[in-house]
Number of protein chains: 2
Amino acid sequence: MPERTFSIGHVSSATGCKVETIRFYESIGLLPEPERTEGNQRRYLAKHIDRLRFILHARELGLAVEAIRQLIALGENPAASCEQADEIARQQLQLVRDKIARLTQLAEELERIVASCSGERIADCRVMEVLADHSHCDHGDRRGNVRSRA
Amino acid sequence: MPERTFSIGHVSSATGCKVETIRFYESIGLLPEPERTEGNQRRYLAKHIDRLRFILHARELGLAVEAIRQLIALGENPAASCEQADEIARQQLQLVRDKIARLTQLAEELERIVASCSGERIADCRVMEVLADHSHCDHGDRRGNVRSRA
DNA sequence: CTAATTCCTCTAGTAACTTCAGGTTCAAGA
DNA sequence: TCTTGAACCTGAAGTTACTAGAGGAATTAG
């Protein structure tokens, strides 16, 4: 008997992933191309839904698409070493920890800025003053670019 | 006597901001258009460098370009209320705190994943298993989209 | 059978830049 | 003064991970 199939809309509501995003994941090769109906509409199998859930969860954990791609490649090869998958997770963990450390510093600096507001007019406002001069900061690292985003 | 001027390269090395980024900030209206030489090259004044430093510092703090634009508009009007600038800083602080909270959860989950690795082959690897199934998580929130990025 | 819903492709837009191609100007040394 | 080579110019396209919209075709409920 033929396996049960699902429309893209069904997959969407089953996973909480938008229809457009499902098509997008297919377009960048994270999801395999499903069969189509005679009228050219996608019909998914249960395995596609599993794969999509994997992707969504990994994204939620902050893994980049590229990392997920590697993980999927590993998964396709059940005899592959587990170490590589573990390594990817470890790298992510490090990235997340770094972000937390950075954001914690930023929060502290913003707290100081907010606390220092006392003036009435902009001209007396410490917020503007502190923003205008990096040297007011504790951590005086003057890095090259500003890519230090959260 | 005419004020001292600086080439874009000079401004770049004085601030640590890439030349292209300086031009980009001008194109989106964060930096005013400087005078030009006869040969069409930009010549900046000290005030431009101050403005750029303000922008860079605010970006480092995680402020969106739009927020910086508002701050600059406030700054152009020295009689404006300080409260608005303070409010922008407060909003940023809240955003940063939210991000930290979210990332802390992610870090915990990744720690569990990494700690659970024991298999030798992918087929036995807990990393893949846990990634594949969201229900392994403590916080079982199954949100609609995956925009929960750092 | 028809109308409403869902689906299709393709293009463009988002943030905040970076990179590239192809050409021009400037400044310093010979 | 001339000549290089570094620095500069513009405009377009690339980056990440999607989202949104146009315009049209397929499916499905009644």
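What you see below is based on every heavy atom in this structure, not just the backbone, and it leaves out hydrogens, waters and symmetry mates. Below, read A as the first sequence line, B as the second, and so on, with proteins coming before strands; counting in each chain starts at 1.
- The interatomic distance linking A:Glu20 (CD) with D:dG21 (C1') rounds to 10 Å, in whole Å.
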Residues A:Arg102, B:Glu60; criterion side-chain contact (heavy atoms from CB on, under 4.5 Å); working and verdict: CA-CA 10 Å; A:Arg102 172 94 190 119; B:Glu60 265 190 281; 3.7 Å; yes
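- Atom-to-atom distance recorded for B:Gln91:CD and B:Asp86:CG is 10.5 Å, nearest 0.5 angstrom.
- Distances shown here put every side-chain N or O of B:Thr21 at or beyond 4.0 Å from the OP1 or OP2 atom of C:dA16.
- Counting heavy atoms from C-beta outward, A:Glu3 and A:Lys47 have side chains that stay 4.5 Å or more apart.
- Side-chain contact check for B:Glu35 and B:His48: no donor-acceptor pair (N or O, by modelled atom type) lies under 3.5 Å.
- The minimum heavy-atom distance linking B:Ser12 with B:Cys17 is given by the pair OG-O, 2.7 Å.
- Of all heavy-atom pairs between B:Tyr44 and B:Pro34, the closest is CE2-CG, 3.5 Å.
- In this structure, B:Leu63 places its CG atom 16 Å from P of C:dA15, rounding to the nearest Å.
- What separates CD of A:Glu66 from P of D:dG14 is a distance of 18 Å, to the nearest Å.
- As rounded to whole Å, 14 Å separates atom C1' of D:dC9 from atom CD of B:Glu33.
- One interatomic measurement links the two molecules: CZ of A:Phe24 to C1' of D:dA20, which rounds to 14 Å at whole-angstrom precision.
- Comparing B:Val65 and B:Glu38 against DNA chain C, the residue whose closest nucleotide sits nearer the 5' end is B:Val65.
- Between A:Tyr25 and D:dC18, a side-chain N or O to OP1/OP2 separation shorter than 4.0 Å is present.
- Atom CZ in A:Phe6 sits about 18 Å away from atom P in D:dT27, given to the nearest Å.
- Between A:Ile68 and A:Ile55, the shortest heavy-atom distance links the atoms CD1-O, 3.9 Å.
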Nucleotides 6-14 of chain C: protein proximity per nucleotide (B base, S sugar-phosphate only, - neither; heavy atom, under 4.0 Å): -SSB-----
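- Protein atom CD1 of A:Ile22 is 12 Å distant from nucleotide atom P of D:dC18, rounded to whole Å.
- Atom CD in B:Glu60 sits about 15 Å away from atom P in C:dA16, given to the nearest Å.
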